[in-house]
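Okay, structure first, notes after.
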Amino acid sequence: MSRFAEDVYRLVRCVPVGRVISYGALARALGHPGKAREVGWALFRCPSDVPAHRVVNREGRLSGGWAFGAPEVQRLRLEAEGVRFSAPEQLDLERYGWQPVESVPFSGR
DNA sequence: CCATTGACGAAGA
DNA sequence: TTCTTCGCCAATG
């Protein structure tokens with residue numbers, strides 16, 4: 001297993017319940033801007049203890065779908081954690097987006 | 001080795 | 001603002 005994939009898993013495991021992070025932000029945080037697609041590839045074959053449902057695309061939309069067994073699973077898991085969708089497949093990244101150390105959006109609210 | 005594909009993203013039109 | 005195209009890069013056929 002590649003070092004990159006291990007780093008992805010390690011970081012995704014740090015995402016708090018009820019928060020999400022994008023593929024690109026994940027890649028950048030790991031020092032590999034441009035490897036957003038590889039993040040997706042790594043998550044496709046990730047261990048079950050990795051909260052992969054908390055990873056969405058840069059628009060705050062769900063891309064996984066079938067990787068979770070069914071298209072709706074990811075959304076249901078997020079809603080179960082308190083994430084509310086502004087539209088069927090659209091959530092608010094400004095509100096739920098999370099990043100390792102730097103600017104944690106909306107410390108309040 | 002070459003072409004295609006994909007849980008993406010940014011730049012153009 | 002929405003739709004296309006292009007760049008990325010590992011994996012597959």
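Labels below follow one simple rule: chain letters A, B, ... track the order of the sequence lines, proteins then strands, and each chain is numbered from 1.
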>> Taking donor-acceptor contacts at under 3.5 Å, does the side chain of A/R37 reach the base of B/dG6?
In response: yes

> In whole angstrom, what separates A/E89's CD from B/dC8's P?
Replying inline: 13 Å

> A/R58 side chain: which of B/dG6, B/dA7, B/dA10 is closest?
Replying inline: B/dA10

>> It should be established whether A/S2 places a side-chain nitrogen or oxygen under 4.0 Å from OP1 or OP2 of nucleotide C/dA10.
In response: no

> Tell me: CE of A/M1 to P of C/dA10, nearest whole Å?
Replying inline: 16 Å

>> Checking the side chain of A/Y9 only, and the main-chain atoms of A/A42 only, is there a donor and an acceptor separated by less than 3.5 Å?
In response: yes

>> Keeping A/E81 on the side-chain end and A/P16 on the backbone end, is there a donor-acceptor pair under 3.5 Å?
In response: no

> What is the distance, rounded to the nearest whole Å, between atom CZ of A/F44 and atom P of C/dA10?
Replying inline: 18 Å

> From the list B/dC8, B/dG6, B/dG9, which nucleotide is the closest neighbour of the side chain of A/W41?
Replying inline: B/dG6

> Within this structure, what is the CG-to-P distance between A/L62 and B/dA7, rounded to whole angstrom?
Replying inline: 14 Å

> In whole angstroms, how far is the C1' atom of C/dC8 from the CZ atom of A/F4?
Replying inline: 11 Å

>> Using whole Å, what does the distance between atom P of nucleotide B/dG6 and atom CH2 of A/W66 come to?
In response: 15 Å

>> Using the rule given for side chain to side chain donor-acceptor pair (under 3.5 Å), can you reason through A/E38 versus A/H32, listing the C-alpha separation, both sets of side-chain angles and the distance that settles it, and then say yes or no?
In response: CA-CA 10 Å; A/E38 282 64 67; A/H32 292 277; over 6 Å; no

> Rounded to the nearest Å, what distance is computed from the CZ atom of residue A/R61 to the P atom of nucleotide C/dT2?
Replying inline: 10 Å

> With sugar-phosphate meaning primed atoms plus P, OP1 and OP2, does A/A27 contact a base, only sugar-phosphate, or nothing at under 4.0 Å between heavy atoms?
Replying inline: nothing

>> Side chain of A/K35 only, heavy atoms from C-beta on: which candidate in C/dA10, C/dA11, B/dG9 is closest?
In response: C/dA10

>> Please tell me whether A/L30 and A/W98 are part of a single hydrophobic cluster in this structure, the criterion being side-chain heavy atoms less than 4.5 Å apart.
In response: yes

> What integer distance in Å separates A/R77:CZ from B/dA7:P?
Replying inline: 17 Å

>> Go nucleotide by nucleotide along DNA chain B from the 5' end; which of A/E38 and A/E59 gets its closest nucleotide reached first?
In response: A/E38

> Do A/Q90 side-chain atoms and A/E59 backbone N/O form a donor-acceptor pair below 3.5 Å?
Replying inline: yes

